[in-house]
Amino acid sequence: MSIAYKKVSNIFIIIILPVFSCVSNYEPAILEIIASTNTVNKGGLVTLQCIARDEDESSIRYLDSLKYNWSASGGLFLEPYTLDTLHDLQNFIIVLDSINQISRGSKIYWLAADSLGFGIDTGFQTITCQVVDLNNAIDIYSILIRVQ
């Protein structure tokens, strides 16, 4: 909305003009997070995949690319071997981060262990995926994994 001011003999007239845009942004939508298991032993590995979509399909705005930000209440994230290897663990990399976050693709691996390789406490751990599009629109989805 645009506001214009016009002075007419010591009186200000405020004119409000609506501004219309032909381009809008749809927020991404997370449909589900698929886990290879919802219960894992201490030190066990869980494969996670976030299924999301973004409906920005038009001749004006091309389909947004999505960024996946993963976080967990405990444990470590792993990813398949890449050039930015930190610690190799049988063709996986342990992604060390003090706040247990990782920004990677839609598929990731989570290890129910701490940075020294010891199993984390039993109980429920929350795994969260935040999907962000090119216009910073977001969707967030969390699941629980039980560590036994």
Side-chain angles (χ1 to χ4, degrees), residues 1-5 14-148:
M1 187 170 293
S2 154
I3 300 175
Y5 297 95
I14 299 174
I15 303 169
I16 300 175
L17 302 171
V19 176
F20 298 100
S21 173
C22 295
V23 179
S24 64
N25 180 53
Y26 290 97
E27 293 179 357
I30 296 175
L31 305 176
E32 66 181 320
I33 294 177
I34 300 170
S36 58
T37 182
N38 62 354
T39 303
V40 65
N41 293 325
K42 285 183 176 186
L45 185 69
V46 178
T47 303
L48 300 161
Q49 184 169 11
C50 181
I51 307 299
R53 68 175 183 198
D54 193 317
E55 304 237 350
D56 288 324
E57 296 177 4
S58 70
S59 59
I60 298 170
R61 181 186 299 278
Y62 296 102
L63 186 65
D64 278 343
S65 70
L66 300 176
K67 179 180 175 184
Y68 297 83
N69 300 314
W70 292 90
S71 62
S73 57
L76 295 171
F77 287 105
L78 306 174
E79 63 178 317
Y81 180 79
T82 62
L83 295 177
D84 61 348
T85 302
L86 298 176
H87 297 277
D88 193 27
L89 175 71
Q90 298 175 357
N91 298 323
F92 287 100
I93 309 166
I94 297 175
V95 181
L96 297 176
D97 191 314
S98 61
I99 55 173
N100 293 325
Q101 283 193 317
I102 183 170
S103 296
R104 299 291 192 262
S106 65
K107 187 174 184 179
I108 199 71
Y109 303 91
W110 179 76
L111 183 66
D114 63 17
S115 61
L116 298 175
F118 297 108
I120 58 175
D121 291 336
T122 58
F124 288 95
Q125 298 294 328
T126 303
I127 309 293
T128 301
C129 186
Q130 177 185 32
V131 177
V132 182
D133 71 10
L134 293 175
N135 294 291
N136 293 320
I138 65 169
D139 193 15
I140 301 171
Y141 196 93
S142 296
I143 63 168
L144 293 175
I145 301 292
R146 186 169 68 104
V147 179
Q148 57 185 16

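For the numbers below, each heavy atom of this structure counts, side chains included, while hydrogens, waters and symmetry mates do not.
- Nearest heavy atoms, Cys50 versus Val131: SG-CG2, 3.9 Å.
- A pairwise comparison of heavy atoms in Leu45 and Tyr109 identifies CD1-CB, 3.9 Å as the closest pair.
- How far CG of Asn69 is from CD1 of Ile108: 11.0 Å, rounded to the nearest 0.5 Å.
- Taken from NZ in Lys67 to CG in Asn136, the straight-line distance is 9.0 Å, to the nearest 0.5 Å.
- Take Leu31 and apply the side chain to side chain contact (heavy atoms under 4.5 Å, CB included) test, not counting sequence neighbours, and it matches Ile51, Arg53.
- Heavy-atom minimum distance, Lys42 versus Gly119: CB-CA, 3.9 Å.
- Annotation: side chain to side chain contact (heavy atoms under 4.5 Å, CB included) contacts of Ala29 (sequence neighbours excluded): Asp139.
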Inset, instruction - May I have the step-by-step check of side chain to side chain contact (heavy atoms under 4.5 Å, CB included) for Val132 and Leu66, ending in yes or no? - result: CA-CA 6 Å; Val132 182; Leu66 300 176; over 6 Å; no
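- In this structure, CG in Leu48 is found 10.5 Å from CG in Leu78, a value given to the nearest 0.5 Å.
- Side chain of Ser73 to main chain of Thr126: a donor-acceptor pair is present (N/O by atom type, distance under 3.5 Å, no hydrogens or angles).
- Smallest separation of non-hydrogen atoms from Cys129 and Ile30: O-CD1, 3.5 Å.
- Put simply, the side chain of Glu27 never gets that close to the backbone of Ala137: no donor and acceptor are under 3.5 Å apart.
- One distance of note links CG of Leu111 with CZ of Phe77; it measures 11.0 Å at 0.5 Å rounding.
- Heavy-atom minimum distance, Val40 versus Trp110: CG1-CZ3, 4.1 Å.
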Less than 3.5 Å apart, which donor and acceptor atoms pair up between the side chains of residues 140-148 and the rest of the protein, not counting sequence neighbours?
from	atom 1	to	atom 2	distance (Å)
Ser142	OG	Thr128	OG1	2.7
Arg146	NH2	Gln148	OE1	3.3
Gln148	NE2	Asn41	OD1	3.2

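- Closest approach of Ile120 to Ala113, counting heavy atoms only: CG2-C, 3.5 Å.
- Looking at Ile33 and Ile127, their side chains never come closer than 4.5 Å, going by heavy atoms from C-beta outward.
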